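Notes to accompany the following structure.
What you are looking at is a predicted structure, and each value in this text was computed from that prediction instead of being measured. Chain naming here is simple, since letters A, B, ... match the order of the sequence lines and numbering starts at 1 in each.
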Amino acid sequence: MLDIQLLRTQPDAVATGLARRGAAIDLAPFEALEAQRKQVQTQTQELQAKRNALSKQIGMLKGKGEDVAPVMAEVAGLGDALKANEEKLAVLLAELDAFVSRIPNLPHASVPAGRDETGNVEVARWGTPPAFDFAPKDHVDLGEALGGLDFAAGVKISGSRFTLMRGEIARLHRALAQFMLDTHTREHGYTELYTPYLVNPDSMFGTGQLPKFEEDLFRVERSDGSRLYLIPTAEVPVTNIVRGEILETEKLPLKFVCHTPCFRSEAGSYGKDTRGMIRQHQFDKVELVQIAPPEASWDALEQLTGHAETILQKLNLHYRKMALCAGDMGFSAAKTYDLEVWLPAQNTYREISSCSNFEAFQARRMQARCRDKGGKPRPLHTLNGSGLAVGRTLVAVLENYQRADGTVVVPEVLRGYMGGVEALAPR
RNA sequence: GGAGGCGUGGCAGAGCGGUUGAAUGCACCGGUCUUGAAAACCGGCAACGUCGCAAGGCGUUCGUGAGUUCGAAUCUCACCGCCUCCGCCA
């Protein structure tokens, strides 16, 4: 959520910032609502003040045993006007809130211009693509030949975009998650968390999935009429830990790592990446989250991105680091780096991690604040990034570590998690 | 699932329907004292919203939401959460 003060005082700057995203905004309705709000709110507060004063007076008169009837008559006249004003104000505030809640974050000054992914800028590249003296297979062919990826079973059990893993590939998948968790907790100072996978609407609002992107979520209706949502990323439960809290600034940053399944309905992406496990309704991800003091969040973004990169480097997977352009960023982000891993069968790079600084955007929605010693509370900053998407990392390992005979070498750093297995062989 | 109890400020803990946004203690901040620190003493210390150049004013908030009332932390109802006991259970 943008700071409503910014909308009031610098509407042109907001419109300019949003235009960089390609999110044209008409602030006229906002300004009209604001004008009404100001008038109605002032009037309401005046009436309330009057009522309070008279009520206090009644109390005092009664204490002295004096006649109260005249004052009672006076205050009685306020009732209807006050009630009407309060109701009108509540409607206006709700409308304003709905309007502001749907405005995306402003891109940071360093974010490159651009409308879509073609405007993204490569800022770094690590390693080299593996050289094959044969035509590399994609992970679908490899995984099926190894007997470990069963797409048909996933479809039978649940439907399209669900996959079943078996045997050594299921183990490799688990090994990847373990390796990531261990690296981030032991080497990067993150605290491991286990969280709920079903969250309430307030949490989804806090990180920005609601109210605008409900169709991307899986929703669970309960018999009492309430609803929960399956998390699309651990960002949601983890970031919402600080919702409604005031934290001591000196105790920041908080650094959390969390391995969860992620559930996405992928509405609007029909026909996209239908082959294989690149785009699934359910996938595992190891997520990094930082709760940072405002003045430290930009450094934190570089560090956090580096932590995600470490995983790719230890796995010796070739990747590039992209600065997303304004038009390609997510709703809540002020700046995002995507890490794209090399997939030889597709002869291309695919997103495997997305690392963002949200500045105070989520914190304002969550009312998450920090306080310096003796100071006033102010919104803190939140960040997160995949470290990494486990399913896509599995895909990358299979495709980059394949050999001509269809076997797949287990990366060095994973062997300890694989009971010493050095390669997966077709059965 | 059954029975009972409880939800107040960063924490602990008071609070007859009426000058209570809320006693008191701890924590925290400032000061006196001290070579320094501690102790003691004095003072300050909720959040949010809104109006205002500012000083400051006003409003809202005692789990959440409705209601009764001129006036609700205090009364009524519903919901949420927590605790204790019983039952069941991965």
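In this structure a side-chain-to-backbone donor-acceptor pair under 3.5 Å is missing from K321(A) to E340(A). Judged by distance alone, with hydrogens and angles left aside, the side-chain atoms of H184(A) form a donor-acceptor pair with the main-chain N or O of G387(A) at under 3.5 Å.
C26(B) sits 49 Å from C88(B) when the P atoms are compared, rounded to a whole Å. Between the P atoms of G10(B) and G5(B), the separation comes to 29 Å (whole Å). Annotation: C11(B) and U69(B) have their P atoms spaced 35 Å apart (nearest Å). A46(B) and U8(B) have their C1' atoms separated by 12 Å, with the value rounded to a whole Å. Of the P atoms belonging to G31(B) and A38(B), the separation is 12 Å, rounded to the nearest Å. Here the separation of G4(B) from A90(B), taken at their P atoms, is 28 Å to the nearest Å. One P atom belongs to U74(B), the other to U68(B), and the distance between them is 15 Å to the nearest Å. Comparing the C1' positions of G18(B) and C28(B) gives an interatomic distance of 34 Å, to the nearest angstrom.
The aromatic ring centroids of F263(A) and Y229(A) lie 6.0 Å or more from each other. In this structure, Y194(A) has its ring center no closer than 6.0 Å to that of H259(A).
In this structure, a donor-acceptor pair under 3.5 Å is absent between the side chains of Q313(A) and T310(A). With no hydrogens or angles considered, a side-chain donor-acceptor pair links D338(A) and S354(A) at under 3.5 Å.
Taking the ring centre of F205(A) as origin, the terminal cationic atom of R365(A) falls inside the region bounded by 6.0 Å and 45° from the ring axis.
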Show me the protein contacts with nucleotides 14-18 of chain B, counting only N or O atoms at under 3.5 Å.
unit_1	atom_1	unit_2	atom_2	d
G18(B)	O6	K62(A)	NZ	2.7
G18(B)	N2	S55(A)	O	2.9

N/O-N/O pairs, protein side and nucleotides 53-60 of chain B side, under 3.5 Å:
unit_1	atom_1	unit_2	atom_2	d
C58(B)	O2	Q45(A)	OE1	3.4
G59(B)	OP1	N52(A)	ND2	3.2
G59(B)	O3'	Q48(A)	OE1	3.1
G59(B)	O2'	Q48(A)	OE1	2.8
U60(B)	OP1	R51(A)	NH2	2.9
U60(B)	OP2	N52(A)	ND2	3.3

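Between K83(A) atom NZ and A66(B) atom C1' the separation is 11 Å, expressed in whole Å. When rounded to the nearest whole Å, the span between NZ of K376(A) and C1' of G44(B) equals 12 Å. Rounded to an integer number of Å, the gap from CD of E245(A) to P of G10(B) is 10 Å. Between the CD atom of E248(A) and the C1' atom of C45(B) there is a distance of 15 Å, given to the nearest Å. We find that CD of E74(A) is positioned 14 Å from P of G71(B), with the value rounded to whole Å. For I4(A) and C48(B), the CD1 to C1' distance is 13 Å, given to the nearest whole Å. Spacing between atom CG of D97(A) and atom C1' of G49(B) amounts to 13 Å, rounded to whole angstrom units. Atom P of nucleotide A46(B) and atom CZ of R371(A) are separated by 10 Å, given to the nearest angstrom.
As judged by a 4.0 angstrom heavy-atom cut-off over every strand, Q5(A) is placed among residues touching the sugar-phosphate backbone only.
Salt-bridge formation is detected for the pair K285(A)/E287(A): a Lys NZ or Arg NE/NH1/NH2 atom is positioned less than 4.0 Å from an Asp or Glu carboxylate oxygen.
Around the CG atom of D80(A), the shell of radius 6.0 Å holds no more than 12 heavy atoms that belong to other residues, nucleotides or ligands. The number of heavy atoms from other shown groups lying within 6.0 Å of CZ (R219(A)) is above 12.
Ranked by how close their nearest RNA chain B nucleotide is to the 5' end, K38(A) and P377(A) are led by P377(A).
Atoms CG and SG, from N120(A) and C325(A) in turn, are 4.5 Å apart once rounded to the nearest 0.5 Å. Interatomic distance, CZ of R102(A) versus CE of M1(A), reported as 12.5 Å (0.5 Å rounding). The distance from the CG atom of L89(A) to the CD atom of Q39(A) is 10.5 Å, given to the nearest 0.5 Å.
Out of A46(B), C51(B), C48(B), the shortest distance to the side chain of R369(A) is found at C48(B).
With pairs defined as Watson-Crick or G-U wobble and both atom distances under 3.5 Å, the stems of at least three pairs that touch RNA chain B come out as B:1-7 with B:80-86, B:10-12 with B:24-26, B:28-32 with B:40-44, B:46-51 with B:56-61, B:63-67 with B:75-79.
Contact check, R378(A) against A47(B): no side-chain N or O comes under 4.0 Å of OP1 or OP2.
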